[in-house]
Amino acid sequence: MAEQEIDVVVIGAGAAGMMAAATASQRGRGVALIDHSERLAEKIRISGGGRCNFTNTQTAADRYLSRNPHFCKSALAQYSQHDFLELVNRYQIAWHEKKLGQLFCDDSAQDIIDLLKAECDAGGTLWRMGTSIASVEQVAGGFTVRSSREHWRCQSLIIASGGLSIPPIGATGFGYDLARQFGLAIVPTAPALVPLTFDPKDLYGELAGVSLDCEARAENGPAFRENVLFTHKGVSGPAILQISSYWSPGETIALDLLPGRDARQLFEEAKRSDALLPNVLADWLPKRFAQAFCAALVDIRPMKQYRPAELEQVAARLHDWQVVPCGSQGYKKAEVTRGGVDTNALQSKTLAARNVPGLYFVGEVVDVTGWLGGYNFQWAWSSGWVAGSHA
Ligand code: FDA
């Protein structure tokens with residue numbers, strides 16, 4: 001196969017790769033965008049329940065996990081949530097804010113895919129979908145990229161192949177392997193924004209399906225007040241997905257099931273009543289949950305029959321239920337992958353590898369992981385734009 005020359009090859013036509021290709025090609029660079037999948041940007045399509053939570057108005061470095069918490073600042077400042085929103089508005093895509101600064105499409109995530117595709121086309125990006133990579137080698141002045149369709153020789157190579165979550169729609173460890181090939185370190189990866197599983201003995205069978213307001217915390221992370229959803233396997237819902245990114249196997253999580261309220265005061269007021277304990281709690285918690293939760297700790301009796309120590313035990317557990325999850329639901333259910341290409345090996349201002357001229361890593365493959373709420377796409381847009389501006 002004859003070698004063809006091009007300025008930039010981008011591997012991975014997801015969120016970050018399309019942004020990088022659009023930016024580089026609109027600067028006048030010749031760009032080939034390669035993806036092994038036949039379908040474009042499947043993760044955008046399924047994101048945000050089909051409506052793509054495409055950014056967050058509160059985007060700031062403290063919403064990201066990374067070994068170097070300062071690394072993402074430069075890219076987020078160079079291309080911010082306001083820049084992406086301006087692009088969305090230019091395409092007249094209708095959107096709304098749901099909660100906590102989360103911006104979603106009114107209609108469909110396809111609007112975001114169409115926007116990015118149009119931006120790539122505007123720059124004349126060459127599309128190479130359904131194309132697998134056979135090898136990448138460094139040569140004088142750049143790289144050779146051998147694909148199943150052609151051989152490219154390029155000056156710059158942008159790796160935007162994403163993380164490991166949801167393998168059936170195309171996730172692979174390609175980016176990590178390539179980083180290792182070029183001597184870049186990898187921060188150990190793990191599923192993040194993922195439901196956690198409990199040992200059945202820690203989970204009261206009747207809780208499945210219950211959803212409640214909760215403040216959740218992992219040992220080494222901030223507290224998140226959002227909904228928790230009990231499932232047949234453990235816990236899910238936004239509060240749990242958030243803390244899962246900070247959780248490691250063997251660590252305890254703590255749930256306050258009555259945040260901002262005081263179970264002790266409620267019990268004090270009702271301590272002489274004939275009402276059953278779960279019925280008292282049912283003012284504040286779903287009845288089914290109150291019943292199962294209390295029954296796991298004490299016999300169900302009228303309030304006036306409890307000793308103070310028994311009520312204290314229930315109150316303490318409600319405000320600080322400590323559980324050691326037995327695992328997570330893994331990459332099959334994780335929204336993102338934590339860890340990735342070590343930011344120490346990259347320049348924060350360009351996303352270029354420090355020791356390999358012309359090689360860039362963008363998006364989820366980098367050790368920058370956002371909270372739930374549009375932060376991961378914003379990282380994809382910001383990092384893709386920055387690399388596309390320099391490659
Ligand atoms: P992305 O995964 O988008 O793209 C990587 C591309 O590389 C893919 O097209 C893949 O086919 C390709 N590729 C992989 N290996 C390859 C190989 N060997 N050769 C060639 N190509 C290869 N985030 C958010 O901010 N708001 C949200 O609403 C959601 N919702 C959401 C829902 C669900 C179910 C998931 C799984 C994830 C989310 N996310 C999210 C996270 C978000 O989707 C994710 O962070 C970004 O898509 C990451 O963008 P990247 O471009 O880095 O990877």
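Whatever order the structure lists them in is the order used to number ligands and atoms, beginning at 1.
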Novice: For Ser348 and Ser74, test the side chains for any donor-to-acceptor distance below 3.5 angstrom and give the result as yes or no.
Specialist: no
Novice: Would you indicate which of Ala15, Gly162, Ser147 comes nearest to atom 53 (O) of ligand 1 when only heavy atoms are counted?
Specialist: Gly162
Novice: Taking only heavy atoms of Gly374, which atoms of ligand 1 are found under 4.0 Å from at least one of them?
Specialist: 24 (C), 25 (O), 26 (N)
Novice: Is the closest N or O pair between Thr131 and ligand 1 shorter than 3.5 Å?
Specialist: no
Novice: Looking only at distances, can you tell me whether any N or O atom of His36, backbone or side chain, sits closer than 3.5 Å to an N or O atom of ligand 1?
Specialist: yes
Novice: If we ignore hydrogens and angles and just use 3.5 Å, is the side chain of Glu219 paired with the main-chain N or O of Thr252 as donor and acceptor?
Specialist: yes
Novice: Out of all atoms in ligand 1, which are within 4.0 Å of some heavy atom of Asn376? Include the element for each.
Specialist: 23 (N), 25 (O), 45 (O)
Novice: Does any N or O of ligand 1 fall below 3.5 Å from an N or O anywhere on Thr172, backbone included?
Specialist: yes
Novice: Does the side chain of Cys154 come within less than 4.5 Å of Arg29's, by heavy atoms?
Specialist: no
Novice: Do Asp121 and Trp127 pass the side-chain hydrogen bond (donor to acceptor under 3.5 Å, both in side chains) test, and can you show the C-alpha distance, the side-chain angles, and the key distance before you say yes or no?
Specialist: CA-CA 9 Å; Asp121 287 340; Trp127 294 95; 2.8 Å; yes
Novice: For Tyr64, which of Trp379, Trp371, Phe71 qualifies under side chain to side chain contact (heavy atoms under 4.5 Å, CB included)?
Specialist: Trp379
Novice: Nearest protein heavy-atom contact for atom 38 (C) of ligand 1: which residue, which atom, what distance?
Specialist: Glu335 OE1, 3.6 Å
Novice: Would you tell me which option among Val365, Ile166, Asp35 has the nearest heavy-atom contact to atom 8 (C) of ligand 1?
Specialist: Asp35
Novice: Look at the rings of Phe289 and Phe230 and say which category their plane angle falls in: under 30° parallel, 30 to 60° tilted, over 60° perpendicular.
Specialist: tilted
Novice: Does Ile133, backbone or side chain, put an N or O under 3.5 Å from an N or O of ligand 1?
Specialist: no
Novice: Starting from atom 34 (C) of ligand 1, what is the nearest protein heavy atom, named by residue and atom, and what distance separates them?
Specialist: Ile46 CD1, 3.7 Å
Novice: Check each of Arg264, Gln265, Lys271 against Glu268 using the side chain to side chain donor-acceptor pair (under 3.5 Å) test, and report the only one that passes.
Specialist: Lys271
Novice: So which heavy atom in the protein is nearest atom 46 (C) of ligand 1, and how far is it from that ligand atom?
Specialist: Phe377 CE2, 3.6 Å
Novice: Please identify which atoms of ligand 1 are closer than 4.0 Å to at least one heavy atom of Ala160.
Specialist: 5 (C), 6 (C), 7 (O)
Novice: If two hydrophobic side chains count as joined below 4.5 Å and joins carry through other members, does Val9 share a cluster with Val356?
Specialist: yes
Novice: Ignoring angles and geometry beyond distance, decide whether Phe174 reaches within less than 3.5 Å of ligand 1 through its nitrogen or oxygen atoms.
Specialist: no
Novice: Give a yes/no on ligand 1: does Ser132 have at least one heavy atom closer than 4.0 angstrom to it?
Specialist: no
Novice: So which heavy atom in the protein is nearest atom 29 (C) of ligand 1, and how far is it from that ligand atom?
Specialist: Ser47 CB, 3.6 Å
Novice: Would you say Leu164 ends up clustered with Ile46 if hydrophobic residues are merged whenever their side chains have heavy atoms under 4.5 Å apart, either directly or through other cluster members?
Specialist: no
Novice: Could an N or O of ligand 1 be found under 3.5 Å from any N or O of Asn53, whether backbone or side chain?
Specialist: yes
Novice: If the cut-off is 4.0 Å to any non-hydrogen atom of Ser37, which atoms of ligand 1 fall inside it?
Specialist: 11 (O)
Novice: Check the pair Asn220, Tyr246 against side-chain hydrogen bond (donor to acceptor under 3.5 Å, both in side chains), reporting the backbone distance first and the verdict last.
Specialist: CA-CA 6 Å; Asn220 297 304; Tyr246 293 89; over 6 Å; no
Novice: Kindly say whether Ser211 contributes a backbone atom to a donor-acceptor pair with the side chain of Asn227 at under 3.5 angstrom?
Specialist: no
Novice: For atom 1 (P) of ligand 1, which protein heavy atom lies nearest, and how many Å away is it?
Specialist: Gly14 CA, 4.2 Å
Novice: Of the listed options (Ala16, Ser161, Ala334, Ala13), which comes nearest to atom 50 (P) of ligand 1 when hydrogens are ignored and any heavy atom counts?
Specialist: Ala16
Novice: State plainly whether the residues Glu86 and Arg90 are in salt-bridge range, i.e. N to O under 4.0 Å.
Specialist: yes
Novice: Within ligand 1, which atoms have a heavy atom of Val336 less than 4.0 Å away?
Specialist: 41 (C), 45 (O)
Novice: How far is atom 48 (C) of ligand 1 from the closest protein heavy atom, and which atom is that?
Specialist: Glu364 OE1, 3.4 Å
Novice: Provide the number and element of each atom of ligand 1 under 4.0 Å from a heavy atom of Gly363.
Specialist: 52 (O)
Novice: I'd like the name of whichever of Ala171, Gly370, Gly173, Gly48 reaches closest to atom 28 (O) of ligand 1 through any heavy atom.
Specialist: Gly48
Novice: Checking side-chain polar atoms at under 3.5 Å, does Glu119 have a donor or acceptor matched by the opposite partner on Tyr91?
Specialist: yes
Novice: Is it the case that the ring center of Phe377 lies less than 6.0 angstrom away from the ring center of Phe84?
Specialist: no
Novice: Short list, please: which atoms of ligand 1 are under 4.0 Å from a heavy atom of Gly12?
Specialist: 6 (C), 7 (O), 12 (C)
